[in-house]
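Worksheet: one structure, shown below.
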Amino acid sequence: MNIFNTFESSLHASIESLCKEDRLPAGLDLTRLTVEPPRDPDHGDLSTNAAMVLAKQAGRKPRELADLIAERLRGLEGVETVEIAGPGFINLRLSDRFWQSMLSEILKNGEAYGESRIGEGQSVNVEYVSANPTGPLTVGHARGAVVGDALASLLQKTGHKVTREYYVNDAGGQVDTLARSVYLRYREALGEEIGTIPEGMYPGAYLCEVGQALAERDGRKWMDCEESEWLAPVRSFAVERLMDLIREDLKAVGIEHDVIRSEKELVEAGAVQSVIERLKEKDLLYTGVLEPPKGKKPEDWEARPQTLFRATDFGDDVDRPILKSDGSWTYFANDMAYHLDKANRGHTTLIDVLGADHGGYVKRMKAAVKALTDDTTALHIILCQLVKLTRDGEEIKMSKRSGNFITLREVVDEVGKDVLRFIMLTRKNDAPLDFDLAQVMEESKDNPVFYVQYAHARIRSVLRHAEKELPSVGQGLSQLSDAPLHRLTDSAELAVIKRLASWPRLVEASAQAYEPHRIAFFLNDLASDFHGLWTKGKDNEELRFLLPADPELTQARLALLQAVALVIASGLNIFGVRPVEEMR
RNA sequence: GACCCCGUAGCUCAGCUGGAUAGAGCAAGUGCCUUCUAAGCACUAGGUCGCAGGUUCAAAUCCUGCCGGGGUCACCA
């Protein structure tokens, strides 16, 4: 269905037949050949660099080689002209009939159009959000959440087996702090005066109800206990409560994970021990003293011997400690265990979606995965840059310490999940993103969500009109795919079909690059194509979609519109955004 | 000091893993509403792709070195 791949196969076959006939030397390396759309449509529909890439190997001049290959390509079905241009590009132009039948194929495939099998046999684990269970999700988490979720969908669309995963950091010091903060609120709930929340505790009011709930469940049970007694039970209660809260927040943006993995359970199951054993066996642990970090010197720095992992053997800059001074594992040690756990569950590719502030973490984790899985499991880390939240251009400052942060929920309540999701995907993950609460609700071209949704809604509107006014024109997908599509001859109409034809290729490229944002740009372009068609019909009556005097042409155009709507919907679905029927 | 990311039109950004004359949207200028939603469309203008080298048929894209902006940097997660 990806026509570029189809023609690439034909190209390979053509070259191989030339080899068999001794008109080209045998054993040519074809891996660097490409078939792609030329940037300039004047150059044709497809272009290949074959002649230039093979020139050296074949010992022939590119133009000469191009002539030879071009001759073969001329015989291919759907090819109208073959031209040689520039330094040796071979440009193909496909017939109108080819494109018309392409449209028919698209409609036959329906929702499935754009699916690919490039991921077949691969099991991918996408870990995203993984926020500490110490508070509600903020807008800061939103980007990684949406990017991870869309990426997971994208990979599913390309045939990967995907697991969406959330890693709960419920084993470290932060959840102890959480427990202490909740304990305070618990005492408060039981009528005690607690004064101001001490420094270092979580001050957020959202913990009041957690304390309240604890009081309701356990009564005064923990009031006169030592911390050593209440810490663990309060902690697990609090973590459970907060995970419920977080899950609800995620649900509000349409996110549900397949697996929620607890760090604590992993540790208690001895996963860290076995990682350490494994590293010992491979002789990748030793006791050493680290250099103090340059630039920023921690005040309480002390040079002391530590148990270190030989990360430098696997591309990291320094070896990394796995034991803290109190004898417990470092976060990194736990995380090694966690990543090995993921690999052991049979995933061939691991993806971590993290905030850009974790950039310093990438090398060591990659080193760890490489060491632990003998390089059999790939780890990709996607770093999401900050989101700058503004309203009418004015920045909304946030700071976690003061408790003055905007929650994910607040933003969803204000703009809706669809808008939030789409906007979060309009930038490359490693580029900062501006999110203007006012602008994203604007009903204009500046607002990409609106622009794309409007195109979809307009199409639905036309189809509804057609149903009412021209009920004899069949609109079922199978009817449309059998419509007299040869009537679509206007260059703008054909251009739209060509755009639609490039959709599978775009999906594959986005998936391979782990870049869902490309879909947003594609949808914007497709919407623009459509709005152009629409206005052309305003200027020239013959180009209108609904022509009562010509039901055949009307049906052909409805087929085109339906296909556009289908692809827009399909792209939005990857984003987890609902296509709208009308704008209201 | 080390490492990672970014640098493309006045502004915000794309650029299909190396292809032909580098593209959109804002902003600026000019047109288009008796019509299926003008909430839109068409056209004009705008560039030493941070700088300098290198790799090759071909570099915004890959390599090296600078310049500028951001992030991170034992024992936090």
Side-chain angles (χ1 to χ4, degrees), chain A residues 4 32 34 36-40 42-43 47 49 51-53 55-56 61-62 85-89 91 130-132 134 169 171-175 263 289-296 298 300-304 306 308 316-318 320-321 323-326 328 330-332 334-335 355-363 383 385-386 426-428 430-432 434 442-448 450-451 454-455 457-459 461-466 469 502 505-506 508-510 512-513 515 517-518 520-522 524-525 528 531-539 541 544-546 561 582-583:
Chain A
F4 301 94
R32 294 192 51 224
T34 60
E36 43 186 27
R39 198 170 2 221
D40 184 347
D42 285 346
H43 292 137
S47 174
N49 61 1
M52 293 174 294
V53 172
K56 200 178 244 179
K61 286 182 184 146
F89 289 102
N91 296 327
S130 296
N132 291 332
T134 55
N169 299 130
Q174 296 193 4
V175 283
E263 179 185 6
V289 180
L290 285 178
E291 297 284 313
K294 309 237 163 91
K296 175 190 148 195
D300 54 347
W301 167 265
E302 45 171 325
R304 57 179 186 82
Q306 301 188 93
L308 300 172
D316 200 359
D317 304 316
V318 289
R320 304 293 178 176
L323 269 176
K324 293 195 249 181
S325 47
D326 67 0
S328 61
T330 60
Y331 177 78
F332 177 58
N334 289 1
D335 218 11
D357 53 335
H358 288 68
Y361 200 65
V362 173
K363 279 190 183 183
L383 298 176
Q385 274 292 348
L386 290 179
T426 53
R427 287 284 175 269
K428 243 185 328 212
D430 50 12
D434 293 331
E442 231 168 71
E443 300 188 333
S444 78
K445 203 171 161 22
D446 328 1
N447 179 1
F450 170 79
Y451 189 67
Y454 184 39
R458 262 184 159 174
I459 291 174
S461 164
V462 175
L463 295 175
R464 283 194 299 270
H465 270 269
E469 287 158 31
S502 72
R505 175 181 151 88
L506 180 103
E508 286 181 0
S510 309
Q512 270 164 338
E515 292 186 345
H517 77 275
R518 293 189 194 185
F521 285 88
F522 178 89
N524 215 64
D525 289 344
S528 168
H531 288 306
L533 270 191
W534 175 287
T535 309
K536 254 185 138 176
K538 290 242 174 226
D539 297 341
E541 201 146 324
R544 291 174 56 103
F545 305 132
L546 303 185
L561 293 194
E582 53 187 334
M583 294 314 290

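Numbered from 1 within each chain, the chains take letters A, B, ... in sequence-line order. Basis for what follows: all heavy atoms, side chains included, without hydrogens, waters or symmetry-related copies.
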Checklist entry - Using the ring of each side chain (for Trp, its six-membered ring), is A/Tyr361 parallel, tilted or perpendicular to A/Phe332, with breaks at 30° and 60°? => result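 Plane angle over 60°, so perpendicular.
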
Checklist entry - Between A/Tyr454 and A/Phe450, what is the ring plane arrangement, given parallel below 30°, perpendicular above 60°, and tilted in between? => result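 Answer is parallel, since the angle falls under 30°.
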
Which nucleotide in the list [options] gets nearest to the side chain of [X]?
X	options	result
A/Glu302	B/A74, B/C76, B/A58	B/A74
A/Asp357	B/A14, B/C36, B/G71	B/G71
A/Gln306	B/C41, B/C75, B/C36	B/C75
A/Val462	B/A74, B/C36, B/A39	B/C36
A/Tyr454	B/G71, B/U35, B/G40	B/G40
A/Ala509	B/A20, B/C16, B/U37	B/C16
A/His43	B/A20, B/G40, B/A74	B/A20
A/Asn169	B/A14, B/A74, B/A77	B/A77
A/Lys56	B/U72, B/A38, B/U56	B/U56
A/Trp301	B/A74, B/A20, B/A77	B/A74

Checklist entry - What form does the base of B/C33 take, syn (within 90° of 0) or anti? => result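 Syn, since the glycosidic angle lies within 90° of 0.
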
Checklist entry - Looking at the angle O4'-C1'-N9-C4 for a purine or O4'-C1'-N1-C2 for a pyrimidine, is B/U8 syn or anti, with syn meaning within 90° of 0? => result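 Anti, which is what one calls it when the glycosidic angle falls more than 90° from 0.
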
Checking all strands, does [X] fall into the base, sugar-phosphate, or nothing category for heavy-atom contacts under 4.0 angstrom?
X	value
A/Pro448	nothing
A/Val175	nothing
A/Arg544	base
A/Lys428	sugar-phosphate
A/Asn132	sugar-phosphate
A/Glu582	base
A/Ala171	nothing
A/Ala513	base

Say you pick atom [atom1] in [N] and the same atom in [M]; how far apart are they, in whole Å?
N	M	atom1	result
B/C41	B/A22	P	25 Å
B/A60	B/U21	C1'	15 Å
B/C51	B/C11	C1'	23 Å
B/G70	B/U8	P	15 Å
B/G31	B/C36	P	26 Å
B/G40	B/C33	C1'	10 Å
B/C62	B/U30	P	42 Å

[X] (side chain) and [N] (base): donor-acceptor pair under 3.5 Å:
X	N	value
A/Asn91	B/A20	yes
A/Arg39	B/U21	no
A/Arg505	B/C16	yes
A/Ser47	B/A20	yes

Next on the checklist: Donor-acceptor check, side chain of A/Asn169 to backbone of A/Asn132, threshold 3.5 angstrom: yes or no?
Outcome noted: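 Absent.
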
Next on the checklist: Keeping A/Thr330 on the side-chain end and A/Pro321 on the backbone end, is there a donor-acceptor pair under 3.5 Å?
Outcome noted: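 Between the backbone of A/Pro321 and the side chain of A/Thr330 there is a qualifying donor-acceptor contact (under 3.5 Å).
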
Next on the checklist: With a 4.0 Å cutoff (strictly under), does any side-chain N or O of A/Lys536 reach OP1 or OP2 of B/A42?
Outcome noted: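 So the side chain of A/Lys536 is outside the cut-off, no N or O lying under 4.0 Å from OP1 or OP2 of B/A42.
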
Next on the checklist: B/A38, OP1 or OP2 - any side-chain N/O from A/Arg458 closer than 4.0 Å?
Outcome noted: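 Result: yes.
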
Next on the checklist: If you assign each of A/Met583 and A/Thr34 to its closest nucleotide in RNA chain B, which residue comes earlier from the 5' end?
Outcome noted: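 With A/Met583 and A/Thr34 compared, the 5'-side residue is A/Thr34.
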
Checklist entry - Considering heavy-atom distances to RNA chain B, does A/Leu290 or A/His358 have its closest nucleotide positioned more toward the 5' end? => result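 Whichever sits nearer the 5' end wins; that is A/Leu290.
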
Item to check | Near-parallel close stack of A/Phe521 and B/A24 base (under 5.5 Å, under 30°) | outcome: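 No, A/Phe521 does not stack on the base of B/A24.
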
Next on the checklist: Run A/His43 and A/Phe89 through side-chain contact (heavy atoms from CB on, under 4.5 Å) and show every step you take.
Outcome noted: CA-CA 10 Å; A/His43 292 137; A/Phe89 289 102; over 6 Å; no

Item to check | Nearest atoms (heavy-atom pairs only) where A/Asn49 meets A/Arg32 | outcome: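 Between these two residues, the closest heavy atoms are ND2-O, 3.5 Å.
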
Item to check | Rounded distance (nearest 0.5 Å) linking atom CZ of A/Arg544 with atom NZ of A/Lys538 | outcome: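 The NZ atom of A/Lys538 is 7.0 Å from CZ of A/Arg544, to the nearest 0.5 Å.
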
